[in-house]
Structure formats: structure tokens, C-alpha cells
There are 2 protein chains.
Amino acid sequence: MNDVKLSTGLPETVTFQLGTLGALIAERFANEIAVYALKPKHVGLLTALIHAGAASQQELAAKLMVAPSLVVSLADHLEQLEAISRVRDPGDRRRQILKLTDEGARLLTRCENIARTIDDDLLGPLPGRQRTALRHALKALAAQKGLPITSSRKDAT
Amino acid sequence: MNDVKLSTGLPETVTFQLGTLGALIAERFANEIAVYALKPKHVGLLTALIHAGAASQQELAAKLMVAPSLVVSLADHLEQLEAISRVRDPGDRRRQILKLTDEGARLLTRCENIARTIDDDLLGPLPGRQRTALRHALKALAAQKGLPITSSRKDAT
DNA sequence: TGCTAGCATTCACAACGTGAACGATGTCAA
DNA sequence: TTGACATCGTTCACGTTGTGAATGCTAGCA
């Protein structure tokens with residue numbers, strides 16, 4: 001009853017490793033972009049915008065897989081930072097059209113640099129072959145999953 | 001000013017992919033273990049216990065990287081499920097010693113099966129070479145990072 | 001015996017996100 | 001045109017998750 005033999009292999013699963021590593025990295029990323037008064041979800045929104053060019057809040061909510069009400073507060077904040085502009089759609093005055101500003105593009109580039117630095121820190125110690133293999137596999141998985149524009153959060157459970 | 005050229009490569013970074021995929025997987029895992037009235041952190045605690053054999057709540061808090069007060073509620077819940085036993089350390093009556101019960105081991109095994117299923121779903125579509133490469137690379141990263149016993153959370157930003 | 005430290009616990013609180021309700025606008029049929 | 005209904009953005013109340021400070025025991029040491 002006391003000494004359990006079955007050493008659960010849970011930490012050996014990709015599910016576990018991916019979840020844990022993802023959380024660790026996401027936390028670090030979140031900490032570093034905090035300098036720009038941004039949180040991961042903001043970066044997600046900016047990224048969605050740079051790809052779409054411009055979009056309504058509803059469309060963004062769908063892309064980010066969050067409630068429309070959350071997009072409101074994200075957009076509020078980004079507008080305050082002058083990272084996006086928010087104008088009524090002349091064709092449908094219910095819709096707010098969000099657009100990346102130059103400042104937004106600048107911010108996004110800075111976040112990208114942070115991400116690349118983290119990439120290097122993370123992959124650096126890995127042997128070259130493993131590094132490229134990981135890149136390819138992750139890319140494939142991301143593509144396969146549709147890769148919602150979302151940056152992942154910080155907790156790790 | 002309007003058409004931005006620089007297509008940010010953020011989604012191309014490992015940081016982004018790992019964070020996003022990790023969040024997606026963690027969410028799925030969380031949903032599936034909910035059947036057993038467990039959350040990822042509970043699994044983290046059980047996993048820590050099966051490796052340590054037995055531990056005080058403080059030790060577990062350190063391993064899980066969470067506040068001791070959180071361990072209290074996790075342990076409360078697991079105790080209610082009879083997944084762990086909680087007894088005062090006779091040698092130091094301030095400490096509560098947590099131990100995995102048979103039921104706890106059973107639960108953990110079920111969670112492990114869930115994780116393996118998710119692994120298969122995830123890696124299945126990948127070509128064989130990439131699959132093993134990913135496994136190796138993740139294992140290396142996990143080892144390098146110390147792999148805290150923690151299952152990752154659900155948000156994805 | 002008294003002081004100080006450590007452990008578990010409780011409690012108030014902050015952060016994050018959701019879903020329901022609401023007002024403004026658009027659409028379509030009568 | 002008018003009226004019914006849907007859609008968009010916004011606000012608000014709420015649930016969840018986790019933290020940090022305060023508290024009560026218990027240990028250990030002078």
C-alpha cells in the first residue's frame with residue numbers, strides 16, 4: 001500500500017512537456033513585454049491586425065478565440081497607447097474597424113525581437129540537428145492546428 | 001502609413017508556437033481530466049507525490065512553484081477524493097505529510113492515459129522522423145529547464 | 001521559561017475572462 | 001414606410017485562479 005511501483009510516465013508525455021514548457025515561455029514573454037505596457041493578448045491582437053490589415057472587433061474576437069467583450073478592453077488599451085486606430089465602418093456603422101498604426105507596428109516589432117531572443121536562449125543549448133528538427137515539427141503542428149493568433153498565457157499547471 | 005510592409009514574424013517564432021500549442025494542449029488536457037474532478041494542478045501535485053513518495057505541503061509548494069496557501073486547497077480537494085492521505089508528521093507536528101493513496105495512483109494512471117491519447121492525436125499526423133525528433137528535443141528542453149512538476153494552464157495569450 | 005522561526009490555514013484581494021443585458025444600427029418582409 | 005428581428009460593440013455582475021498578509025500551533029534555542 002505504501003511504496004507505489006508504477007512510476008507514472010506523465011512527465012514523459014509530449015502533452016505534459018509542451019504544456020509546461022509553453023507555460024514557462026509564455027510567462028517569460030509576458031514579463032518582458034510588460035515593459036511596453038503590453039500583455040500577450042495585446043500582442044495577439046496586433047498580430048492579427050498586421051495580417052488582416054484591418055478588422056472589426058467581432059472578427060478579431062473570433063480569431064483570438066475570446067469573448068467580444070474582451071476585445072473591447074484590449075482595444076481600449078491599445079488605442080490609448082496609440083497602437084491602433086478605431087473608426088466606425090462607414091458602410092455599417094455598428095462595426096468598429098481596428099487598424100494598426102505606425103506606433104503599433106513599432107511595438108509589434110519590439111515584441112518580435114523579444115520573442116526571437118527567447119527563441120535563441122531556449123534553442124541555443126540544443127544540438128544543431130535537434131534545433132532545426134524542433135523548428136520544423138513545431139511549424140508543422142502549428143500549421144496543422146490552424147495556429148490561432150494568440151500568445152498563450154502565463155500559468156502553468 | 002496604411003499598408004504596413006513588415007509582416008511580423010512573431011508566429012514564426014518558437015516562443016509563439018510553443019506558447020500557443022502548449023496552451024491549446026493544456027486546455028484539452030484540463031477538459032478531459034475534469035471527468036475525474038481534477039484540474040491540472042491536482043495532477044501536478046499527485047505527480048510530485050508519486051516521485052517523492054511523500055512530502056510536506058511546503059515542499060510541494062516549492063516543487064509546484066505556487067504559494068503554500070494554494071497547496072492547502074489542492075490538498076483539501078485531493079483528500080476529499082481520497083487520492084491522498086494527510087497526516088501530521090510525528091517528528092514535527094507542524095508539518096502535514098501528504099501521501100499518495102491507491103486511489104490517487106489509479107487516478108494518476110487515468111490522467112496519464114489521457115495524456116498519451118492526446119500525444120497520439122497530436123503526433124499522429126506528423127511524419128515519423130519529425131515525431132521522434134520532436135520527442136527528443138522536447139525531452140532535452142524539459143530536462144534542461146528542470147521541468148517543474150506542473151501541468152500548465154489554459155490561457156493562451 | 002521566554003523568544004524567535006517555521007508550517008499550515010484562513011481571509012481579503014487583484015487579475016483575467018465569460019455571458020447576459022442593453023442601446024444603436026442594419027436588414028428584410030409586409 | 002413600418003415593424004420585427006438580427007448584429008455589433010459596450011457595460012456589468014460574476015466565477016475562477018492565485019497571491020500575500022495575518023493567525024495559531026509547534027519547534028528549537030538561549
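Excluded from the calculations below are hydrogen atoms, water molecules and symmetry mates; all remaining heavy atoms, backbone and side chain alike, are included.
The shortest distance between the side-chain N/O atoms of A/Arg95 and the OP1/OP2 oxygens of D/dC8 is not below 4.0 Å. Between B/Arg86 and C/dT9, a side-chain N or O to OP1/OP2 separation shorter than 4.0 Å is present.
B/Gln57 has its CD atom 17 Å from the C1' atom of D/dT19, to the nearest Å. We find that CD1 of B/Ile97 is positioned 14 Å from C1' of D/dT26, with the value rounded to whole Å. Put simply, CZ on A/Arg88 is 6 Å from P on D/dT10, counting in whole angstrom units. Distance, B/Lys39 NZ to D/dG18 C1': 12 Å, rounded to whole Å. Residue A/Leu45 contributes atom CG, which lies 15 Å from atom C1' of C/dG17 at whole-angstrom precision. The distance between atom CZ of B/Arg94 and atom P of C/dA5, rounded to the nearest whole Å, is 12 Å. To the nearest angstrom, C1' of D/dT10 lies 11 Å from CD of A/Gln58. In this structure, B/Leu70 atom CG and D/dG20 atom C1' are separated by 13 Å, rounded to whole Å.
Residue B/Ser73 is classed as having no contact, given no heavy-atom separation below 4.0 Å to the nucleic acid.
Mapped onto DNA chain C by nearest heavy atom, A/Ser69 and B/Ala75 fall at different nucleotides, with B/Ala75 at the one closer to the 5' end.
Residues A/Arg86 and A/Gln57 have side chains that bring a donor and an acceptor to within less than 3.5 angstrom of each other.
Of the listed nucleotides (C/dT18, D/dT19, D/dA27), D/dT19 has the atom at the smallest distance from the side chain of B/Val66. Nearest nucleotide to the B/Ala67 side chain, out of C/dT9, D/dT10, D/dT19: D/dT19.
Contact between B/Tyr36 and B/Leu107 at its shortest, heavy atoms only, is CB-CD2, 3.8 Å. Of all heavy-atom pairs spanning A/Lys99 and A/Ala54, the tightest one is CG-CB, 3.7 Å.
Look at B/Glu12 and A/Arg116 and you find no salt bridge, because none of the NZ, NE, NH1 or NH2 atoms lies under 4.0 Å from a carboxylate O.
At most 12 non-hydrogen atoms from other residues, nucleotides or ligands lie less than 6.0 angstrom from CD of B/Glu82.
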